[in-house]
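Along the sequence shown, residues carry numbers from 1.
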Amino acid sequence: MGDAHSPPPGAPAPEEHRGAGADRSTIEFVNADEKLRLDLFLCSQLPGRSRAFIQRLIDENWVSIPDLPVSREVKSATTVLAGMRVRVTFPPTRPSELLPDETPLEIIYEDSDVAVVNKPPNLVMHPSAHQLEGTLVNRLLHHLDDLSGIGGHERPGIVHRLDRDTSGVLVVAKHDVAHQALSRQFKEREIEKTYVAVLRGELTAREGSIHLPIGRSVTNRKRMMVRVDGHGKEALTEYEVLEEFDGYVFAEIRPRTGRTHQIRVHMAKIRLPVACDSVYGRERSIFASDLCRRPRARGEEPLIVRQALHARRLAFRHPTSGASLAFEAQLPEDMSRLLAALREHRALHAAR
């Protein structure tokens with residue numbers, strides 16, 4: 001794991017990432033497939049961006065096709081033939097009205113292209129209409145000098161997300177070219193994500209995979225669920241048991257896809273919900289008295305009050321140099337407390 005603010009072994013120095021005079025706001029794509037409408041082609045090349053956003057870029061003349069005759073106007077419906085080049089220039093990001101937050105943030109690694117941070121639990125990723133302050137983005141605006149604008153005005157730098165109550169490692173883009181390169185790695189499932197979780201229930205298998213589609217719940221739009229009715233998206237989760245306890249399991253979990261609430265939904269489906277998951281699980285908090293089966297003491301503080309899920313490791317290719325990088329985030333205090341109490345009061349045996 002690299003030290004904060006310093007390149008890990010094998011990574012080039014920050015100035016080598018930049019390239020003298022490089023124009024960070026323009027990206028060129030080549031259509032290597034069959035002919036497509038311009039807006040649909042760019043949607044496939046810019047994962048995470050809506051078709052409306054792409055069409056606005058085209059309408060405002062931020063998109064050009066060098067191989068197109070000068071007399072032809074570039075429109076959303078313009079056909080991009082195989083082999084054609086398409087250039088996209090991202091407009092300057094308008095000044096942010098968001099307030100920087102001086103609250104400390106653990107920066108695991110930083111260079112001129114990316115930053116890797118350890119997100120604490122109980123922290124929303126980005127501002128919304130209901131919350132403009134106290135988010136990860138607010139902290140990033142204080143601690144980092146540059147953030148990409150491709151994610152939108154309210155989501156600068158955000159390439160991927162962790163749920164509010166999920167802690168752990170994530171990568172942030174400091175400019176649009178880096179953002180696009182990382183987004184493509186996520187889309188192509190090239191980024192390795194490893195989580196650890198305390199699960200609630202009895203063990204059925206020490207390792208396995210769950211390959212079930214996930215979609216919106218039919219009864220609650222804020223929840224996700226396994227959908228086998230044709231309305232879910234492919235989702236694959238692999239897991240391996242690290243320790244087994246009486247009524248609980250500590251496991252390593254590797255999501256191979258990136259669906260919303262994927263780990264929480266999949267583990268709940270096999271009757272091993274993430275411990276303390278108030279949405280898909282069985283309890284909202286866990287006390288030491290619960291684990292040793294005694295009456296709760298007056299004034300006793302809970303061990304944990306959020307889902308026991310932590311993004312421990314993230315591995316990806318550097319968006320500029322192509323170097324293979326991997327970073328880890330230490331287990332947060334509440335999950336460490338929970339594991340210590342499980343080992344004391346509910347221990348069975350170690351899986352390895």
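With hydrogens and angles disregarded, a donor-acceptor distance shorter than 3.5 Å links the side chain of His310 to the backbone of Ala329. With hydrogens and angles ignored, the 3.5 Å screen pairs a side-chain donor or acceptor of Gln262 with a backbone N or O of Leu236. With hydrogens and angles ignored, the 3.5 Å screen pairs a side-chain donor or acceptor of Gln185 with a backbone N or O of Arg317. Using modelled atom types, no side-chain atom of Arg313 and backbone atom of Glu328 make a donor-acceptor pair closer than 3.5 Å. A donor-acceptor pair under 3.5 Å links the side-chain atoms of Arg337 to the main chain of Leu303, judged by distance alone. Side chain of Thr257 to backbone of Arg259: no donor-acceptor contact under 3.5 angstrom is found.
Expressed to the nearest 0.5 Å, how far CG of Asp113 lies from CG of Asp111 amounts to 5.0 Å. One distance of note links CD1 of Ile58 with CZ of Arg51; it measures 9.5 Å at 0.5 Å rounding. The line from CG of Leu331 to OG of Ser336 is 4.0 Å long, rounded to the nearest 0.5 Å. Between the CD atom in Glu73 and the CG atom in Leu68 there is a gap of 10.5 Å [rounded to 0.5 Å]. The distance from the CD1 atom of Ile304 to the CD atom of Glu333 is 11.0 Å, given to the nearest 0.5 Å. In this structure, Leu136 CG and Arg164 CZ are separated by 14.5 Å, a value rounded to the nearest 0.5 Å.
For Arg200 and Tyr248, the positive end sits near the middle of the six-membered ring, less than 6.0 Å away and at most 45° from its axis.
Other residues, nucleotides and ligands contribute more than 12 heavy atoms inside 6.0 Å of the CZ atom of Arg294. Heavy-atom contacts from other residues, nucleotides or ligands closer than 6.0 Å to CD of Glu190 number more than 12. For CD of Glu188, the number of neighbouring non-hydrogen atoms (other residues, nucleotides, ligands) closer than 6.0 Å is greater than 12. Heavy atoms of other residues, nucleotides or ligands lying less than 6.0 angstrom from CZ of Arg271 number 12 at most.
At a threshold of 4.5 Å between non-hydrogen side-chain atoms, the residues Lys187 and Ser44 count as touching. Side-chain atoms of Met224 and Ser217, non-hydrogen and from C-beta on, never get closer than 4.5 Å to each other. Counting only heavy atoms from C-beta outward, the side chains of Glu240 and Ile253 never approach each other to under 4.5 Å. For the pair Pro319 and Val114, the minimum side-chain heavy-atom distance is below 4.5 Å. Between Ile27 and Gln45, the closest side-chain pair of non-hydrogen atoms is not below 4.5 Å. A 4.5 Å side-chain heavy-atom check between Val86 and Phe41 finds at least one atom pair inside the cut-off. Proximity of Met125 to Val137: side-chain heavy atoms (C-beta onward) are nowhere separated by under 4.5 Å. Between Asn118 and Phe327 the shortest side-chain heavy-atom distance does not fall below 4.5 Å.
Here the closest non-hydrogen pair linking Leu182 and Ala173 is CD1-CB, 4.4 Å. Shortest non-hydrogen contact noted between Pro273 and Arg282 is CG-NE, 4.2 Å. Here the closest non-hydrogen pair linking Pro120 and Arg139 is CG-NH1, 3.7 Å. Between Asp59 and Ser76, the closest heavy-atom pair is OD1-OG, 4.3 Å. Shortest non-hydrogen contact noted between Lys269 and Leu212 is CG-CD1, 3.9 Å. When all heavy atoms of Ser278 and Arg284 are compared, the pair lying nearest together is CB-NH1, 3.7 Å.
When the side chains of ILVMFWY residues are joined at heavy-atom separations under 4.5 Å, either directly or via intervening members, Phe53 and Val80 end up in a single hydrophobic cluster. Val305 and Met335 fall into different hydrophobic clusters, defined by Ile, Leu, Val, Met, Phe, Trp and Tyr side-chain heavy atoms under 4.5 Å apart, directly or through other members. Residues Val228 and Met225 do not share a hydrophobic cluster, clusters being chains of Ile/Leu/Val/Met/Phe/Trp/Tyr side chains in contact below 4.5 Å. Cluster membership for Leu162 and Val124, using ILVMFWY side-chain heavy atoms within less than 4.5 angstrom, is not shared. Linking ILVMFWY side-chain heavy atoms closer than 4.5 Å, directly or via other members, places Ile158 and Leu144 in a single hydrophobic cluster.
Tested against Val63 for a side-chain contact (heavy atoms from CB on, under 4.5 Å), the candidates Thr89, Leu57, Ile54 yield a single pass: Leu57. Each of Asn122, Asp277, Asp334 was checked for a side chain to side chain donor-acceptor pair (under 3.5 Å) with Arg306, and the lone residue meeting it is Asp334.
Checked against the 6.0 Å centroid criterion, the rings of Tyr280 and His261 qualify as a close aromatic pair.
Residues Gln330 and Arg312 bring no donor and acceptor atom of their side chains to less than 3.5 Å of each other. Side-chain contact, Glu234 with His211: a donor N or O sits under 3.5 Å from an acceptor N or O. Of the N and O atoms on the side chains of Glu300 and Ser289, at least one donor lies less than 3.5 Å from an acceptor on the other residue. Checked by atom type, the side-chain pair Asp101/His143 shows no donor-acceptor distance below 3.5 Å. A donor atom on one side chain and an acceptor atom on the other are found under 3.5 Å apart for Gln55 and Asp39. Side-chain atoms of Thr135 and His126 form no donor-acceptor pair, as typed in the model, at a separation below 3.5 Å. For the residue pair His175 and Asp146, no side-chain donor N or O sits within less than 3.5 Å of a side-chain acceptor on the partner.
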- Task: Verify side-chain contact (heavy atoms from CB on, under 4.5 Å) between Thr166 and Tyr195, making sure each step is shown before the conclusion.
- Result: CA-CA 10 Å; Thr166 298; Tyr195 292 71; 4.2 Å; yes
- Message: side-chain contact (heavy atoms from CB on, under 4.5 Å) for Val171 and Leu314? Distances and angles first, verdict last.
- Response: CA-CA 8 Å; Val171 61; Leu314 188 70; 3.9 Å; yes
- Query: How far apart are the C-alpha atoms of Glu192 and Arg254, what are their side-chain angles, what is the distance that settles it, and do they pass the salt bridge (charged side-chain N to carboxylate O under 4.0 Å, His left out) test?
  - Reply: CA-CA 8 Å; Glu192 297 179 13; Arg254 297 174 298 276; over 6 Å; no
- Query: After noting the C-alpha distance and the side-chain angles of Val116 and Ile107, does the key distance pass the side-chain contact (heavy atoms from CB on, under 4.5 Å) rule?
  - Reply: CA-CA 6 Å; Val116 179; Ile107 300 176; over 6 Å; no
- Which is it for Leu342 and Phe250 under the side-chain contact (heavy atoms from CB on, under 4.5 Å) test, yes or no, and what are the steps along the way? CA-CA 10 Å; Leu342 286 169; Phe250 183 49; over 6 Å; no
- Task: For salt bridge (charged side-chain N to carboxylate O under 4.0 Å, His left out), just list the numbers for Glu244 and Arg206, CA-CA rounded to whole Å, side-chain angles, deciding distance to a tenth of an Å, and then say yes or no.
- Result: CA-CA 9 Å; Glu244 182 184 358; Arg206 294 203 176 281; 3.7 Å; yes
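Ion pairing of Arg296 with Asp290 is present here, as a side-chain N (NZ or NE/NH1/NH2) and a carboxylate O approach within less than 4.0 Å. Using a 4.0 Å cut-off between a side-chain N of Lys or Arg and a carboxylate O of Asp or Glu, Arg293 and Asp246 qualify as a salt bridge. Between Lys119 and Glu106, none of the side-chain N atoms (NZ, or NE/NH1/NH2) sits under 4.0 Å from a carboxylate O, so this pair counts as no salt bridge.
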